[in-house]
Structures are given as structure tokens and as C-alpha cells.
Number of protein chains: 2
Amino acid sequence: MTYRYDHPRPALTVDCVVFGLDEGDLKLLLVQRSQEPFRHRWALPGGLVGMEESAERAARRELEEETGVRDVYLEQLYTFSAVDRDPRERTISIAYYALVKMTDHVVRAATDAGGAAWFSVTDAQDLAFDHDLIVHTACERLRGKLRYQPIGFELLPEKFKLSQLQRLYEVVLGTPLDKRNFRKKILAMDLLRPLDEVEQGVAHRAARLYRFDSRRYQELRRRGFNFEL
Amino acid sequence: MTYRYDHPRPALTVDCVVFGLDEGDLKLLLVQRSQEPFRHRWALPGGLVGMEESAERAARRELEEETGVRDVYLEQLYTFSAVDRDPRERTISIAYYALVKMTDHVVRAATDAGGAAWFSVTDAQDLAFDHDLIVHTACERLRGKLRYQPIGFELLPEKFKLSQLQRLYEVVLGTPLDKRNFRKKILAMDLLRPLDEVEQGVAHRAARLYRFDSRRYQELRRRGFNFEL
DNA sequence: ACAAAAGTGTTGGCCCTACACCCATGA
DNA sequence: TCATGGGTGTAGGGCCAACACTTTTGT
């Protein structure tokens, strides 16, 4: 099987769709390109996969190098391989999506050349390469995943109020939810630990804070429990 | 951005997990390797991605070249990129899974050297490379997908009886289903067209045949309908 | 006549939906 | 005292699970 060594090969990259939540606004982390092609256009953070690292490692490395973001929820999304997706040469990209707690992760300023910045998903358009398509794919995946797996918590701070969680679901799923029914359902799952803390300094009744109990979730899942909505 | 042209690059392949259903037995289509490494071991059909074809095209091409199977339901599964997954050199594989109607697709005989053959999923073990892992991933995906999208029909003949459909669900999901409830639910969706035909030559009451109405499904989906179980 | 699978309805309980008012807090 | 979001219960309907016998056909 020596024939393999002679073949021309596509370049192989990773790209990351990084989601964050800011006051009920779903955001994306983008970087501005400083070189051609697509110079000055915004693009997904990403880059070449090294010979000694898995694709996921490459994604995490690029994410940290380009935006300073690390230690986040990261999952493979899809591999994009259209022949003409990169005008320079044949390039295949393994796309990942990440969920970050924006409160925890401060990102490099956008004012720097080549800096990173958060955009509302609705504003993230006309990106470099086929990144519009990748973003669209990621949004659909996030919507689907959120209904069937408790990953929304990855977008919230450790301690959050139920109304934050509800707003998150409303934003991502695109439908309003009934407050009483939402609370009943999510609390009935017994996945949230109520804390003895309430939010501080608000001009109305202070909300109780909760924390997602992931131990409990693992436990329930082993017993055949399936998260939904 | 000229640095890219100098870099060593991983080889890039596709692999296909091909599912078929045979009398209520879930099967996999494998090919026997004729070369090292893993000579004589069974493996997933697949091969290198060409410079002028997308990964999906490569998957379809390899599938036809190695097994004669074509025109099937095919979907991207996952991209496997562990550094040591190929002992020869760094190789990344974009895995696909396919669903074929075994009655329609006759496959090249396994007796040929390098031939293809169907294996029960439970027997498909000790495959070449990381193909055990790929198969396992595909089985999980199939299970998940089957519950939320009407793709089971891709494994059945055009005309099928409800008991075949039920057995399919039972096999893939691994749980017995109640006959009356199953029929009520699936018929209530109004996705199956009853035919004026019944099966022939059986030593018991002949079953009515049905056909999946995919036009109807597209229609319902545009109106917000979501298939489930 | 028997073996083997096809086909068919009802009931009880659970869950989901719809819906409106009082509470606590800071300004 | 007002504005703002936090927090709570119930009733009706639809959906799901459980369950057993009759029908048809070939041998």
C-alpha cells in the first residue's frame, strides 16, 4: 500500500463555532482575518491540524491561541469538504462547536488587529469561506441538542436563576415558554440543586439561585432517564 | 499565508458503516482486507478522498467500487482523528453510515478475495484499524436517529408489513414494543399508505402491505410536525 | 384441526397545557 | 408607592401504557 504516499492531499483544518449567552442574547465569537483571502472579514477561529494532535486538540489549541478561550464544552459538529470551499487550495475542515460561560471567559479585545469579538448570531453574516454555512449548521445542532440533553447549563454561570435558564431555552428554541410549566418540569427532573443564595442588589424580589447537579444527571442516566426539554 | 503549502499533511479517507436488515437481523456490510496492515481482517469499506471530490462523493464511490452498493441513504457520522489510528502514517477518516434495502442490493460474493459480506452487528468484532469504535458510534447514532426521524424505511423493502417495521424498531432500540400501541401510533401519523396488496403464500393470515409516503412527510414537516418513535 | 401470525378497542392514569394573582425589593 | 421581575396551584383534556381474543391461511 505504498501508493498512498504519493498522492496530493487536501489541507486539513478545524473551525470552532463558539456560542455564548449575554443577557438573553445568543452570541458567537469571531476573529477578524488579517490576511487574504477574505482579509478584514470576520471568520470562525480555527487553523491547521498538526501531525501530532487529534482534531479536537487542534480545535482547543486554536481556540486558545486566537481568542484566549479554554476549558470549555466542545463537541464535533460536522466535516465540511466541498471542493471549492477554500479559494487557495483544496481544504477540508472539521468543525466543532463550543459552549462557553461568558461571565467566566474574558476574551481578547476586538480592537487589536486580528482580535476576537462577540456578535449576536443574527449579525454574524458574510463571514469568510463557507463559515455562514457552518454557523447555520451549528445553530440547528444546538437547537436539537438542547431539547434532548442538559447542555444549556454550559452557557450559564455556575449559579443561575430559573428565569435565566428559561430565557436561554426561549432564545435558542425560538418559542416563548410558560413560566409555571417550565419551572414545574425542570424542577421535577431533580437535576437542579437549589442554593441558599439569592441574587443581590436588584430592584425587585431577589431570585433563588440554582446549580446544575451533573453527578445526579449521570446517576439518573444510568437508570434509563432521558432528559427532554 | 504561504506557510500552508509546506506542511506535512495527514492522509484523508472515508469509511462507510453500511446497515442492512435481514429477517429482523441487523447486519453490517464488511470487506476483507487483502493487504497489510490488518491483512485478512474484516474492515469497513472506504478509501482515500480524491482532490476533486467531496467526502460524500468519495464515500459513495468507494462503496460502489468495493461492494457494488449504490444509490443508498448516506449520512455523515463522525470524523475520527486519533493520532495513532493507522499504524502506517497519520490518517484521518470521515465516517459515514448508510442504510440499504437488502432485498434490492445484491452484494458481491464474499468468496472472492477482497470480497464483501454481511455480518450480524453482534458478530462484527476485531475489525481493522479503529473500525470497532466507528461501528459502535454508528450503532448509537442509528438508535438515536430512528426515534426522531422516519429513516427506518430505508432498511425495509418498498412494500412492507407493519410487523416488519415493528421488528426493526425492536431490534435497533433493543426493547419489545406493544403491537396494538405501535400500530395505533404509527398509523395515526398518517405517513404510511396502505396498499391494496397483501403478502403471498404464507401459512397464516396474509398481512396488508404499506408504503412510506415521503411526500406526505415533507408536507407535515413544513407544518411543524415532528416524528417521534 | 392445528399452528402461526394478523388484526383489533377500551380503560385508567399520568402528564401537559392553559391560565392570573400576590410577593419582595430598591428606587 | 410604584415598577420590576419572582414565585406559586388547579382543572380539563389528550396521550400513553397495559391488556386478550378473534381472524385468516396453509399444512
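Because only heavy atoms are used, hydrogens play no part in the values below, and waters and symmetry mates are left out as well, while side chains stay in. Proteins come first, then strands; the chains are lettered A, B, ... in the order of their sequence lines, and each starts at number 1.
Rounded to an integer number of Å, the gap from E228(A) CD to dC16(D) P is 11 Å. One interatomic measurement links the two molecules: CZ of F182(B) to C1' of dC19(D), which rounds to 18 Å at whole-angstrom precision. Straight-line distance from the CD atom of E170(A) to the C1' atom of dG5(D): 14 Å, rounded to whole Å. Taking atom CZ of R180(B) as the reference point, atom C1' of dC16(D) lies 14 Å away to the nearest angstrom. For N181(B) and dA6(C), the CG to P distance is 17 Å, given to the nearest whole Å. Taking atom NE2 of H204(B) as the reference point, atom C1' of dG26(D) lies 9 Å away to the nearest angstrom. When rounded to the nearest whole Å, the span between CD of E199(B) and P of dG26(D) equals 11 Å. Atom CD1 in I186(A) sits roughly 15 Å away from atom P in dG7(D) (whole-Å rounding).
Ring-plane geometry between Y97(A) and F19(A) is classed as perpendicular, the angle between the planes exceeding 60 degrees on a 0 to 90 degree scale with a lower cut at 30. F153(A) and F160(A) have tilted rings, their planes meeting at an angle from 30° to 60° on a 0 to 90° scale.
The phosphate of dG7(D) has OP1 or OP2 within less than 4.0 Å of a side-chain N or O from R183(A). For dG6(D), the OP1/OP2 oxygens have a side-chain nitrogen or oxygen of S163(A) closer than 4.0 Å.
You'll find a donor-acceptor pair under 3.5 Å spanning the side chain of K179(A) and the base of dG7(D), going by distance alone. At a cut-off of 3.5 angstrom, the base of dT17(C) holds no donor-acceptor pair with the side chain of K185(A).
Comparing dA18(D), dA18(C), dT23(D) against the side chain of K184(B) picks out dA18(D) as the nearest. Ranking dA18(D), dA5(C), dC23(C) by closeness to the R205(A) side chain, first place goes to dC23(C).
Judged by distance alone, the side chain of R85(B) and the main-chain N or O of F129(B) form no donor-acceptor pair under 3.5 Å.
Residue order along DNA chain C, read from the 5' end via each residue's closest nucleotide, puts D178(A) first among D178(A) and A203(A).
You'll find the ring centres of Y210(A) and F212(A) outside the 6.0 Å limit.
Across all strands shown, K161(A) has heavy atoms under 4.0 Å from sugar-phosphate atoms exclusively, and none from any base. Using a 4.0 Å heavy-atom distance criterion, R208(B) is classed as a sugar-phosphate-only contact.
Ion pairing between R223(B) and E219(B) holds under the 4.0 Å rule for side-chain N and carboxylate O.
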